[in-house]
Engineer: 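Here it is, the structure in full.
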Amino acid sequence: MLNWLLRGIRGGRITTRYPHRAELPPDGFHARVEVLRDTDGDGDMQRLCPTGAITVDDGHIRLDHGRCILCGECVRLAGEHFGWYDGAYEIASRSRDGLLSDAAIEDHVASRPSLGELGSALRRSIHVRHIDCGSDGSEEWEIQALWNPYYDIQRLGFFLTSAPRHADILLVTGGVTEPMRGPLKRTWQVIPAPKVLVAVGTDACSGGLAADSGLIAGGVDQVLPVDVYVPGSPPAPIAIMHGLLQAVGIYNPEQVA
Amino acid sequence: MTAIGHEIREFPGEMPPGLLGTLEPGPAEEVRLRIESRELRTATRLLREMGARFITVTVAQQPEASLLVLLAYRATVIGLRCPTEGNADLQPLLDDWPTARWAFQELAERHGVTIAGRRLTAPDADLLDQRVDGLDAFAIPYGPVRSGIFEAIQFQIETGGESVVSLQTRPFFKHRGMEARFRGLVPSRAVHVAERVAGIATVAYACAFSQAVERAMEIEVHPVAERWRAIHCELERLACHLDVIAKEAETTALYVGHARFQILKERVMRLRARLSGSRFGRGVVVPGGVHAVPHVDRQALRAELDDLERQFRRDRKLFTATASMTDRLIGSGTLPRELIDEFAAVGPLARGSGVATDARHERPYGDYRRLGLQVVTHREGDAMARVSVRFDEIAESLRILHQALAHLRPALDEHPASPGRLSGCACGWVEAPQGELVAWVEIEDGRVANVHLASPSLRNWALFDHAFSNDVLTDFAFIEHSFGLTPAGADR
C-alpha cells in the first residue's frame with residue numbers, strides 16, 4: 001500500500017485549476033461548430049446536417065448546438081459559413097434557447113432557480129447521481145473522468161452518490177428510451193428538493209441521431225424539466241464541469257473559493 | 001482490384017458432402033452459400049461440428065429477401081443464405097446455438113414474429129420473470145438504474161444472500177434503432193451513425209462499417225489511410241483496456257491504483273484529441289479512407305507513447321504485486337474453455353480462457369495485413385486472466401503503435417479510387433476492444449439499404465449468466481468489469 005502511496009505522490013500535481021483558471025482545449029479540438037458567417041445561407045445548408053441543427057431563414061443561418069452531433073459535415077462542405085471552434089470548452093446553458101448560435105442575452109435566462117439560489121448552504125457539498133437513459137456510452141466515460149486526478153471535481157465539493165435520496169443533482173444521459181422513461185421519472189421523484197436536473201450530451205438535449213426513431217422521447221426535457229443543458233457528442237469533462245457549476249449557480253469563479 | 005472483386009470463393013478445405021447448397025459470388029474471405037430453408041438445420045449442425053463459430057443471424061434483402069446466418073470458419077466468414085417464403089422456422093437453430101438467443105429473438109421481433117411472452121427489445125424494469133427456487137432465496141433486480149456512472153442494463157440475480165443461485169441478464173433498455181438510422185444515407189454520412197452506436201468503440205464501429213462498404217462497393221483504400229485507421233484502433237483499445245483495469249482497482253477500493261490507471265487512460269484520451277480533434281477519435285474514419293489528419297510531430301508522439309509505456313509498466317508491476325487486488329480476481333467468474341466454444345464468445349473474454357480468437361489475426365484486414373501481431377491468451381479463464389490479457393494487449397498495442405509510427409507518411413485527404421460498383425452487399429469486421437465486431441452492409445445505388453451490426457457485447461453477454469458457478473454476490477462487480485462490455489453496443 002505504501003508503494004502505491006509513494007507512486008501517487010511522485011507524479012506531482014496534475015489537477016486542473018478550473019474554474020479559477022481557464023482550461024483551454026488543444027489546438028484543433030472539436031469543442032463546437034461555430035457559425036462563421038450567418039448571412040447568405042441557402043436551403044441546401046439545412047440538408048447538410050443529419051440532425052436538423054441548421055436552419056436557414058431568409059438567408060439567416062442559425063445553428064442549434066442542442067442538436068449538433070459534431071459530425072462536421074457542414075464544416076467540410078460549407079467551410080465559408082461553418083468552422084470548428086477550439087477556443088473554449090464551455091457550452092452549457094441554463095435554457096434550451098441559450099443553445100442557439102444566435103441566442104441573445106435574455107435567451108440565457110434560466111426558467112428556474114439554480115441549486116445555489118435554492119439553498120446556499122449546499123454550495124460546498126453537492127451530491128450527484130447519474131442515470132443513463134439511452135446514451136451511446138461515451139458520455140458515461142466523460143462523466144467518470146470528472147473524478148479522475150486531472151479534473152478532480154471533488155475539490156469543488158461535488159460527490160458521487162449511488163442513492164437518489166442523497167442526491168442534489170441528477171445527471172441524465174441519452175434521449176430517454178421507452179423502457180427508461182419510468183425509471184427516470186421515479187429516480188427524479190425520490191430525489192429530495194431542492195434539486196436540479198442536468199442533461200449531458202446532445203442525445204440528452206434533443207435525441208441526437210435517434211430523435212426520429214420513434215423509440216426515444218427525443219430529449220430529457222420531453223419527460224422532465226431540465227435545468228442545465230450540456231450539448232456535445234460527447235461533451236468534454238470541462239464542459240460537463242461547467243454545466244455542473246451552472247446548475248449550482250456558482251459558475252462565477254470567485255464564488256467557488 | 002481482383003482481390004476485392006466479387007467472385008465465387010472456394011469453400012475453405014473440404015466441403016462436407018452433406019452440405020447441400022450453391023456457392024455464390026462475394027468479396028474475398030467471404031464464402032456465400034445459398035441453401036434451402038429445410039436444409040438450414042443440417043447445414044448449421046455440420047458446420048458447427050467442423051468448428052465454425054456463430055456470429056449472427058439477420059434478414060438480408062440482397063440479392064433477395066433471405067435469412068442470413070453468418071459463421072466464422074477458418075480464415076473466412078461463411079454466409080448461409082436461405083430465401084424466406086413466409087416465416088422460416090428458427091427454433092431448431094436456437095437449439096443448436098445457445099448464444100444465438102438474443103440475435104434470434106431480436107430478429108423475430110423486428111420481422112413481426114412474436115415469440116411467446118413480452119417483447120425483448122422493450123424490457124420492463126419492474127417485471128420479475130425470475131423464478132425463485134427454495135425457501136431462503138430471493139431475486140434482486142439490479143439495474144437499469146445502476147449505482148455509479150454506468151450504462152443501463154438489468155441483471156436479475158437470484159440469491160440466498162451469499163451464493164448466486166442463478167442470474168439473468170436483460171439488455172435492450174437502450175435500444176435506439178440505430179441500425180434503421182443508416183438506411184437511405186450515403187456511406188460518407190452513414191459513418192456518423194456507426195460512430196455513435198457504441199461511443200467507447202467509436203473507431204472500431206466506424207472501421208467495421210467502412211470496411212463492409214468498401215468490400216460491397218469494391219473501393220480500394222490507400223495504405224496510408226489504413227495505417228491511420230490502425231493507429232486510432234489501437235489507441236481506442238488502450239483506452240478501453242485501461243478503463244477496465246481502473247474499474248477493477250476502484251472496485252477493490254485500491255484508490256491510488258484506480259487514480260493511476262485513470263491518469264493513463266486520460267492521457268490516451270488527450271492524445272486522441274490532439275490527433276483527431278475528438279477524444280473518441282470521431283470523424284477520422286470515412287468509407288474510402290480517412291479524413292485529414294492534423295500534422296503531427298512524430299517525435300513528440302513517440303516520446304509520449306514511450307513515457308506512457310514506462311508509467312504503465314510500473315503501475316502494472318504494483319497492481320500484480322498487490323495481493324488485496326489480485327485475490328479478488330483470481331478464481332472469480334471462471335469460464336471453462338468448453339463454455340467459450342459453446343457460446344461462441346470473442347475478444348479478451350475468450351482469450352482469457354485460452355481461445356486464441358482475434359479478428360486481426362484470423363482474417364487480417366487493413367493495415368494488420370502488414371503489422372505483425374501476437375495474440376495474447378491466458379488459460380485460467382477467471383477475472384484475473386481477463387485482466388492479464390488486457391495488460392498484455394496494452395503492451396502489444398503500444399508495440400504496434402511504435403511500429404506503425406516508424407513508417408508514417410502524411411495522410412492523403414482525397415477519396416481515392418472510384419467505387420467498382422454502386423450496389424452490393426458485404427461483411428466488414430474488426431477486432432473491437434470488446435471482441436470481434438462484424439457489420440453486414442447492403443448498398444443500393446450508392447446508398448445504404450440495410451445494416452446489421454453483430455456486436456461483441458451482445459454475444460459475450462450471453463455468457464455472463466453462466467459466470468457465477470462458484471462465486472458470491474460480492475464478486476459481481478469484479479466479474480462484470482472483467483467482461484468489459486458496453487450495453488450501447490449490444491442494444492444498438
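Atom set for the values below is all heavy atoms of this structure, side chains included, hydrogens, waters and symmetry mates excluded. Naming convention: chains lettered A, B, ... in sequence-line order (proteins, then strands); numbering from 1 in each chain.
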Engineer: Please classify the contact between B/Val193 and chain A as side chain, backbone, both or neither, with a heavy-atom cut-off of under 4.5 Å.
Structural biologist: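 B/Val193 touches chain A through backbone and side-chain heavy atoms alike.
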
Engineer: In Å and rounded to the nearest 0.5 Å, what is the NE2 to CG distance from B/His192 to A/Leu70?
Structural biologist: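 Going from NE2 on B/His192 over to CG on A/Leu70, the span is 11.0 Å.
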
Engineer: Pick one of side chain, backbone, both or neither for B/Ala180, based on which atoms fall under 4.5 Å of a heavy atom in chain A.
Structural biologist: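 Neither part; nothing is under 4.5 Å.
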
Engineer: Counting only non-hydrogen atoms closer than 4.5 Å, does B/Lys317 touch chain A with its backbone (N, CA, C, O), its side chain (CB onward), both, or neither?
Structural biologist: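 Neither the backbone nor the side chain of B/Lys317 comes within 4.5 Å of chain A.
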
Engineer: Determine whether B/Arg282 and A/Ser138 satisfy the following criterion, side chain to side chain contact (heavy atoms under 4.5 Å, CB included), listing intermediate values before the conclusion.
Structural biologist: CA-CA 11 Å; B/Arg282 286 184 178 170; A/Ser138 56; 3.5 Å; yes

Engineer: About how many Å separate NE2 of A/His30 and CZ of B/Arg279, when rounded to the nearest 0.5 Å?
Structural biologist: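 Atom-to-atom, B/Arg279:CZ and A/His30:NE2 are 14.0 Å apart.
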
Engineer: So how far is it from A/Asn148 CG to B/Lys265 NZ, rounded to the nearest 0.5 Å?
Structural biologist: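 Answer for the CG-NZ pair, A/Asn148 versus B/Lys265, is 8.0 Å.
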
Engineer: Using non-hydrogen atoms only, which part of B/Phe182 is less than 4.5 Å away from chain A: side chain, backbone, both, or neither?
Structural biologist: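 The answer is neither part of B/Phe182.
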
Engineer: Distance check, rounded to the nearest 0.5 Å: B/Phe173 atom CZ versus A/Cys133 atom SG?
Structural biologist: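 Atom-to-atom, B/Phe173:CZ and A/Cys133:SG are 11.5 Å apart.
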
Engineer: Against chain B, label A/Glu178 side chain, backbone, both or neither, depending on which of its atoms sit under 4.5 Å from a heavy atom there.
Structural biologist: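 For A/Glu178, there is no contact with chain B at all, as no heavy atom is under 4.5 Å.
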
Engineer: Identify which part of A/Ser233 has an atom lying under 4.5 Å from any heavy atom of chain B, answering side chain, backbone, both or neither.
Structural biologist: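 Interface part for A/Ser233: both.
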
Engineer: In Å, rounded to the nearest 0.5 Å, how long is the span from CH2 of A/Trp147 to NE2 of B/His258?
Structural biologist: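 Taking CH2 in A/Trp147 and NE2 in B/His258, the distance rounds to 11.5 Å.
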
Engineer: Pick from A/Ser135, A/Gly208, A/Pro164, A/Ala210: which one has the most heavy-atom pairs with chain B under 4.5 Å?
Structural biologist: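 Top count of heavy-atom pairs under 4.5 Å with chain B: A/Ser135.
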
Engineer: Calculate, to the nearest 0.5 Å, the distance between atoms CZ and CD1 belonging to B/Arg196 and A/Ile69 respectively.
Structural biologist: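 Atom-to-atom, B/Arg196:CZ and A/Ile69:CD1 are 4.0 Å apart.
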
Engineer: With a 3.5 Å cut-off and no angle check, do the side chains of B/Arg176 and A/Thr177 form a donor-acceptor pair?
Structural biologist: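 No, because no side-chain N or O of B/Arg176 sits under 3.5 Å from a partner of the opposite role on A/Thr177.
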
Engineer: When you measure from the side chain of B/Arg146 to the backbone N and O of A/Ser162, does any donor-acceptor pair fall under 3.5 Å?
Structural biologist: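 Not a single qualifying donor-acceptor pair exists.
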
Engineer: Please determine, among B/Ile200, B/Asp315, B/Leu318, the option with the most heavy-atom pairs under 4.5 Å with chain A.
Structural biologist: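 Option with the top pair count is B/Leu318.
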
Engineer: Indicate whether any N or O donor in one side chain lies under 3.5 Å from an N or O acceptor in the other, for B/Gln262 and A/Tyr150.
Structural biologist: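 The criterion, which ignores hydrogens and geometry beyond distance, is not satisfied for A/Tyr150 and B/Gln262.
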
Engineer: Going by atom types alone, do A/Ser213 and B/Arg181 pair a side-chain donor with an acceptor below 3.5 Å?
Structural biologist: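 A/Ser213 vs B/Arg181: no donor-acceptor pair found between side chains.
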
Engineer: Select one option (side chain, backbone, both, neither) describing which atoms of A/Ile131 are under 4.5 Å from chain B's heavy atoms.
Structural biologist: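 Interface part for A/Ile131: side chain.
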
Engineer: Evaluate side chain to side chain contact (heavy atoms under 4.5 Å, CB included) for B/Ile149 paired with A/Leu160, printing each intermediate quantity in order.
Structural biologist: CA-CA 9 Å; B/Ile149 309 160; A/Leu160 198 60; 3.7 Å; yes

Engineer: Which bit of B/Ala246 comes within less than 4.5 Å of chain A, counting heavy atoms only: side chain, backbone, both or neither?
Structural biologist: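 Contact with chain A: none, neither part.
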
Engineer: Please state whether the side chain, the backbone, both or neither of B/Phe150 comes within less than 4.5 Å of a heavy atom of chain A.
Structural biologist: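 Contact with chain A: backbone and side chain both.
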
Engineer: Counting heavy-atom pairs closer than 4.5 Å to chain B, which one of A/Ala145, A/Pro149, A/Pro25, A/Pro26 comes out on top?
Structural biologist: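 Answer, by heavy-atom pair count under 4.5 Å with chain B: A/Pro149.
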
Engineer: Go through B/Lys174 and A/Met180 one step at a time and tell me if the side chain to side chain contact (heavy atoms under 4.5 Å, CB included) criterion holds.
Structural biologist: CA-CA 8 Å; B/Lys174 305 178 63 165; A/Met180 287 310 294; 5.6 Å; no

Engineer: Do any N or O atoms from the side chain of A/Asp132 and from the backbone of B/Ala152 form a donor-acceptor pair under 3.5 angstrom?
Structural biologist: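 Present.
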
Engineer: I would like to know whether A/Gln144 and B/Asp243 meet side chain to side chain contact (heavy atoms under 4.5 Å, CB included); could you show each step before the answer?
Structural biologist: CA-CA 10 Å; A/Gln144 280 163 7; B/Asp243 181 65; 3.9 Å; yes

Engineer: Between A/Ala163, A/Pro234, A/Gly175, A/Gly207, which residue shows the highest count of heavy-atom pairs closer than 4.5 Å to chain B?
Structural biologist: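 Result: the option with the highest number of such pairs is A/Pro234.
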
